[in-house]
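No hydrogens, no waters, no symmetry mates; every other heavy atom, side chains included, goes into these values. The structure presented is a predicted model; accordingly, all values stated were derived computationally and were not measured.
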Amino acid sequence: QLQLVESGGGSVQPGGSLRLSCAAFGFTLEYYTIGWFRQPPGKEREGVFCMSSSGGYIDSADSVKGRFTISRDNAKNTVYLHMNSLKLEDTGVYFCAAHPAGYYSDSPCRLGVADYSTWGRGTRVTVSS
């Protein structure tokens with residue numbers, strides 16, 4: 001059974017940092033494209049960051065460029081979203097998602113909700129002063 005479990009959310013002041021984790025169970029990340037998404041209060045889910053199964057292709061939303069980064073630990077089968085210089089508008093529930101892509105593929109990842117088939121339950125991030 002494929003499962004993604006997010007953790008690391010919490011409350012932080014503007015300008016602060018958080019690191020979110022997405023642990024995969026039942027499958028190996030090197031075969032899957034991974035995406036990070038967020039859903040602000042009262043708004044639709046939006047793509048934040050993605051990584052190809054090789055890790056060689058990444059893409060991010062303009063709103064987080066220069067502030068967020070993504071990394072992967074193959075030994076832990078976990079993907080991380082490193083969030084710095086957090087803003088009020090970064091508040092929301094953050095989800096990770098996965099979709100089969102082939103072993104170590106460099107095919108471009110996408111930031112669309114419909115491009116992913118397996119989802120975690122999310123972790124809440126609140127940025128407030």
Side-chain angles (χ1 to χ4, degrees):
Q1 182 179 357
L2 308 183
Q3 188 178 11
L4 294 167
V5 179
E6 302 94 335
S7 62
S11 296
V12 64
Q13 293 184 336
S17 299
L18 282 174
R19 187 187 75 167
L20 305 184
S21 301
C22 171
F25 300 92
F27 66 102
T28 302
L29 289 175
E30 292 102 311
Y31 288 86
Y32 284 75
T33 294
I34 292 294
W36 277 102
F37 294 79
R38 66 185 179 189
Q39 188 160 11
K43 297 184 179 180
E44 294 186 354
R45 197 170 298 188
E46 60 185 14
V48 176
F49 235 111
C50 68
M51 174 183 281
S52 65
S53 60
S54 71
Y57 183 96
I58 62 173
D59 195 12
S60 61
D62 289 342
S63 59
V64 304
K65 288 186 189 299
R67 300 189 298 123
F68 293 11
T69 59
I70 193 171
S71 65
R72 188 174 80 189
D73 186 331
N74 290 339
K76 295 182 178 180
N77 213 29
T78 298
V79 175
Y80 302 96
L81 183 67
H82 308 266
M83 306 188 298
N84 299 310
S85 302
L86 283 162
K87 303 177 180 180
L88 297 176
E89 53 263 41
D90 293 320
T91 293
V93 179
Y94 283 70
F95 302 86
C96 65
H99 191 75
Y103 183 70
Y104 258 77
S105 171
D106 279 329
S107 295
C109 57
R110 300 178 185 273
L111 292 172
V113 171
D115 294 308
Y116 295 83
S117 52
T118 299
W119 290 81
R121 298 182 67 177
T123 184
R124 186 174 300 275
V125 172
T126 302
V127 184
S128 67
S129 54

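- Using a 4.5 Å cut-off on side-chain heavy atoms (C-beta onward), Ser63 and Lys87 make no contact.
- Partners of Tyr94 according to the side-chain hydrogen bond (donor to acceptor under 3.5 Å, both in side chains) rule, which considers only residues two or more places apart in sequence or in another chain, are Arg38.
- In this structure the side chain of Met83 never reaches within 4.5 angstrom of the side chain of Trp36, judged on heavy atoms.
- Counting non-hydrogen atoms of neighbouring residues, nucleotides and ligands closer than 6.0 angstrom, the NZ atom of Lys76 reaches no more than 12 such neighbours.
- The shortest side-chain heavy-atom distance between Leu4 and Thr118 falls under the 4.5 Å cut-off.
- You'll find the side chain of Tyr31 stays beyond 4.5 Å of the side chain of Ser53, heavy atoms only.
- With a 4.5 Å cut-off on side-chain heavy atoms, Cys109 and Tyr116 count as touching.
- Rounded to the nearest 0.5 Å, atoms OG (Ser85) and CG (Asp90) are 9.5 Å apart.
- Other residues, nucleotides and ligands contribute over 12 non-hydrogen atoms within 6.0 Å of the OH atom of Tyr104.
- No side-chain donor-acceptor contact under 3.5 Å links Glu6 to the backbone of Thr123.
- Ser17 places none of its side-chain heavy atoms less than 4.5 Å from the side chain of Val12.
- Gly92 and Pro41 make their closest contact through CA-CD, 4.3 Å (heavy atoms, listed as atom of the first residue, atom of the second, distance).
- His99 is listed as a side-chain neighbour of Ser117, based on a closest heavy-atom distance under 4.5 Å.
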When you look at Lys65 and Asp59, which way does the side chain to side chain contact (heavy atoms under 4.5 Å, CB included) test go after all the steps?
CA-CA 9 Å; Lys65 288 186 189 299; Asp59 195 12; 4.0 Å; yes

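- Here SG of Cys96 is found 14.5 Å from CZ of Phe49. Values are rounded to the nearest 0.5 Å.
- Annotation for Ser52 and Gly56: closest pair OG-N, 3.4 Å, computed over non-hydrogen atoms.
- Nearest approach of Asp106 to Tyr57, heavy atoms of both residues: O-CB, 4.0 Å.
- No chain of hydrophobic side-chain contacts below 4.5 Å, direct or via other Ile, Leu, Val, Met, Phe, Trp or Tyr residues, connects Trp119 to Leu2.
- Hydrophobic clustering of Ile, Leu, Val, Met, Phe, Trp and Tyr side chains at less than 4.5 Å, counting indirect connections, keeps Val113 apart from Leu20.
- A side chain to side chain contact (heavy atoms under 4.5 Å, CB included) with Cys50 is found for exactly one of Val79, Asp115, Leu111, namely Leu111.
- Note: His82 and Tyr80 have tilted aromatic rings, judged against thresholds of 30 and 60 degrees for the angle between ring planes.
- Taking the six-membered ring where the residue is Trp, the centroids of Phe27 and Tyr32 are separated by under 6.0 Å.
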Evaluate side chain to side chain donor-acceptor pair (under 3.5 Å) for Ser128 paired with Thr126, printing each intermediate quantity in order.
CA-CA 6 Å; Ser128 67; Thr126 302; over 6 Å; no

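- Taking hydrophobic clusters as Ile, Leu, Val, Met, Phe, Trp and Tyr residues chained together by side-chain heavy-atom distances below 4.5 Å, Met51 does not share a cluster with Phe37.
- Within a 6.0 Å sphere centred on CD of Glu89, other residues, nucleotides and ligands contribute more than 12 heavy atoms.
- In the hydrophobic clustering of ILVMFWY residues, with side-chain heavy atoms under 4.5 Å counting as a link, Val93 and Leu18 come out apart.
- Scanning all heavy atoms of the two residues, the minimum distance from Thr78 to Ser21 falls at CG2-CB, 4.2 Å.
- For the pair Phe95/Val48, no side-chain contact is recorded, criterion being any heavy-atom separation below 4.5 Å from C-beta on.
- Taking every heavy atom of both residues into account, Ala24 and Leu29 meet most closely at CB-CD2, 3.8 Å.
- In this structure, Arg45 places its CZ atom where more than 12 heavy-atom neighbours from other residues, nucleotides or ligands lie under 6.0 Å away.
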